[in-house]
Amino acid sequence: MTADYVSGYKEIEHTADISLKVWSKSLQELFILSVEGFNSILGIEPLEKDINTTEQFLFTGIDLESCLIALLN
C-alpha cells in the first residue's frame with residue numbers, strides 16, 4: 001500500500017442483485033465502509049443525532065466473510 005491509498009466503495013451493476021465493491025486499509029474500516037455502502041444503496045441516512053453514536057456488535061462465524069454477511073443481514 002502506498003501513502004496515498006484511498007479507501008472507498010462503489011456499487012457494481014448486477015442484473016439480479018445488489019453488488020458492492022469495498023476497499024480499505026484495515027479490516028475495521030472494511031466493515032464500516034461495507035455498512036455505509038449498503039446504507040447508501042438502500043437510501044438510509046443516519047439521523048443527525050446518530051452521527052456521533054457508536055454501537056458494538058458481536059458476530060460469530062466460521063470466517064470473517066461470514067461475519068460481514070451476518071452484519072449486513
Side-chain angles (χ1 to χ4, degrees):
M1 255 181 280
T2 63
D4 59 347
Y5 183 84
V6 177
S7 301
Y9 62 85
K10 72 175 185 173
E11 186 175 0
I12 305 296
E13 292 205 23
H14 193 285
T15 56
D17 208 347
I18 295 172
S19 183
L20 188 67
K21 180 177 182 177
V22 183
W23 60 97
S24 73
K25 297 177 270 187
S26 70
L27 182 61
Q28 179 180 0
E29 188 176 37
L30 180 77
F31 275 61
I32 291 168
L33 288 171
S34 296
V35 171
E36 288 178 3
F38 191 69
N39 287 344
S40 175
I41 288 172
L42 296 176
I44 298 171
E45 294 184 25
L47 299 174
E48 190 171 318
K49 67 178 184 177
D50 293 334
I51 290 174
N52 294 317
T53 302
T54 60
E55 296 285 338
Q56 289 187 352
F57 298 93
L58 175 63
F59 294 98
T60 58
I62 59 172
D63 56 19
L64 291 171
E65 183 178 358
S66 298
C67 291
L68 179 58
I69 292 168
L71 172 62
L72 296 175
N73 282 332

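Just so you know, these numbers come straight off a predicted model, no measurement behind them.
Nearest heavy atom pair, residue Tyr9 against residue Leu33, reads CD2-O, 3.7 Å. In this structure, Phe31 and Leu71 approach most closely via the heavy-atom pair CD2-CD2, 3.8 Å. The shortest non-hydrogen separation linking Gly61 to Cys67 is N-SG, 3.8 Å.
Note on residues 28-40: pairs passing side-chain hydrogen bond (donor to acceptor under 3.5 Å, both in side chains), not counting sequence neighbours, are Ser7-Glu29.
Trp23 places no side-chain N or O within donor-acceptor distance of the main-chain N or O of Leu30, the cut-off being under 3.5 Å.
Applying the side-chain contact (heavy atoms from CB on, under 4.5 Å) test to Glu65 and every residue at least two apart in sequence or in another chain returns Asp63, Ile69. Applying the side-chain contact (heavy atoms from CB on, under 4.5 Å) rule to Ile12 yields the partners Lys10, Ser19, Lys21; only residues at least two apart in sequence or on another chain are considered.
Distance CG/Leu20 to CD/Glu11: 7.5 Å, rounded to 0.5 Å.
At a threshold of 4.5 Å between side-chain heavy atoms, the hydrophobic network of Ile, Leu, Val, Met, Phe, Trp and Tyr places Ile32 and Leu42 in two separate groups.
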